[in-house]
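As the structure is a computational prediction, the values presented were derived from the model and not from experiment. Count residues from 1 along the sequence. Counting starts at 1 for both ligands and their atoms, in listed order.
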Amino acid sequence: MNCYSTLNPALRVPISKAILDGLADDGSLYMPENIPRLPDEFLKNLSDIPFETIAFEITTAFLQNQIPREVLLSLINDAINFPAPVFELEENLGVLELFHGPTLAFKDFGARFMSRIMSYLNKEKPDLTILVATSGDTGGAVASGFFNVPGIRVIILYPKGGVSFLQEKQLTTLGRNITALEIDGTFDDCQTLVKKAFVDIECKDRLNLSSANSINLARLIPQTFYYFEGVKQIKTNKNIVCIVPSGNFGNLTAGVMAKRMGLNISRFIAATNINDVVPAYLTNSIYKPKPSISTVSNAMDVGNPSNFDRLMDLYGSTWNRIIKEITGYHFSDEKTLQTIEKCFKEHGYLLDPHTAVGYLAYLADQSRYGNIHYLLLATAHPSKFLETVEKQIGQKVNIPARLVNLKDLPKKSILLSNNYYSFKEYLFKTFF
Ligand SMILES: *Cc1c(COP(=O)(O)O)cnc(C)c1O
């Protein structure tokens, strides 16, 4: 299959190049030439199809015969080695738990799958260097996802003092092919250093740079898998509406792709915190990016979502079409915190702050429409936001063992200033 760039639909490149490059040369996003519809046989029998077969069928529909069957099967088993169960929280509400991976957030699906696909597609070429700036969560999933993957080294830049204790441990305790650079500066400084390296031809060529953020197509493909896995577990004759707590809108874009592949979803809900540029667009048809505002659901603090162009592309840039399939809601921190407490009291089920935004959207939408079965995507495990949730419910929360163990591992990082030339000097001295 070929891909085009959203700025220049005439430009076509093979999907393997789109995955290895991340971003198109014109700086815009790659889209697959078509969204393949899956065979009727597959869609009809979905409830009997194992998760790994779903993943295999979807990947093959996009990548066709680029990866031999046996190799792809073992790649998928290695990447998606944790389940995505649906917890029936209310009569008409299933919670799709996407937080059973190593870093306890749905980004594990994208990062683990993308790392292995990139490693395979790049296998005959010099080692790739993935350069990524993080404000916390993405870096952890990328570090864990690429750990020990052959032919790829990862360099993560994070702001000194700008990430939580456990987030820093996730970035700095792996070693091997993962290097953590602690930058004496802000997240924006980290991002500026990464951007400068990408436009520095000497740097880009010598280090064979690639990016791993949410704009890579190889992260969207695995994010479609769990929509199928979630819908397959719901037993209902009602219309199914998926609720997606959103920031950069990669997750929701993948949902729309799953629907185009033939999955039985009638509508989506874009649930955001007060960073509400997309819900505002859905209401008044005006898209106005804004600086982001920090909230308790910080992985959704995005003022100019990078996947918005992809969403528009999927709907032919037509507001009338997009509002038929996507409904927007946004909520304050105050409401979000209250709802964590309310849901815990009523159901004994603890939501993380991101999923809580989605739960609020469920409550609001249900009172407007009714007769729907909702599927709420739970994007993170509550223990990732320990202080916030413990304070809200007034009791201690169990932490999964893989987080507990992290606490005592030694931190290994290299402290650098936010100056581009010292950063470049470090890269060349160390990796070339
Ligand atoms: C990244 C993230 C989101 C937002 O996902 P997008 O694909 O950027 O919309 C929501 N919740 C959590 C916990 C996240 O880490």
Open item on the list: Measuring centre to centre across the rings, with the benzene-like ring taken for any Trp, is F308 within less than 6.0 Å of Y287?
Closed with: yes

Task: Subset of ligand 1 atoms that lie under 4.0 Å from at least one heavy atom of H354 - done: 11 (N), 12 (C), 13 (C)

Open item on the list: E387 vs K391, test: salt bridge (charged side-chain N to carboxylate O under 4.0 Å, His left out). Steps then yes/no.
Closed with: CA-CA 6 Å; E387 279 164 31; K391 199 168 113 206; over 6 Å; no

Task: N or O contact, F249 vs ligand 1, cut-off under 3.5 Å - done: yes

- [ ] On the 0 to 90° scale, with breaks at 30° and 60°, tag the Y329-F331 ring pair as parallel, tilted or perpendicular.
- [x] parallel

- [ ] Indicate yes or no: does an N/O atom of M300 lie under 3.5 Å from an N/O atom of ligand 1?
- [x] no

Task: Residue pair Y315 / I326, side-chain heavy-atom distance below 4.5 Å - done: yes

Task: Close-contact set for ligand 1 against A380 heavy atoms, below 4.0 Å - done: 13 (C)

TODO: Compare all side-chain heavy atoms of D365 with those of I372 and state whether any distance is below 4.5 angstrom.
DONE: yes

- [ ] Decide whether an N or O pair under 3.5 Å exists between N251 and ligand 1.
- [x] yes

TODO: Report yes or no: is the cationic atom of R402 (NZ for Lys, CZ for Arg) under 6.0 Å from the centre of the six-membered ring of F99, at an angle within 45° of the ring normal?
DONE: no

- [ ] Could you tell me whether K107 and ligand 1 have an N or O pair separated by under 3.5 Å?
- [x] yes

Task: Contact atoms of ligand 1, heavy-atom distance to S246 under 4.0 Å - done: 9 (O)

Task: Pair H100 and F82, ring centroids less than 6.0 Å apart - done: no

- [ ] Return yes when F99 approaches ligand 1 closer than 4.0 angstrom through a heavy atom, no otherwise.
- [x] no

- [ ] Output yes when the distance from some N or O of ligand 1 to some N or O of G250 is under 3.5 Å, and no in every other case.
- [x] yes

TODO: For ligand 1, find out whether one of its N or O atoms is nearer than 3.5 Å to an N or O atom of N248.
DONE: yes

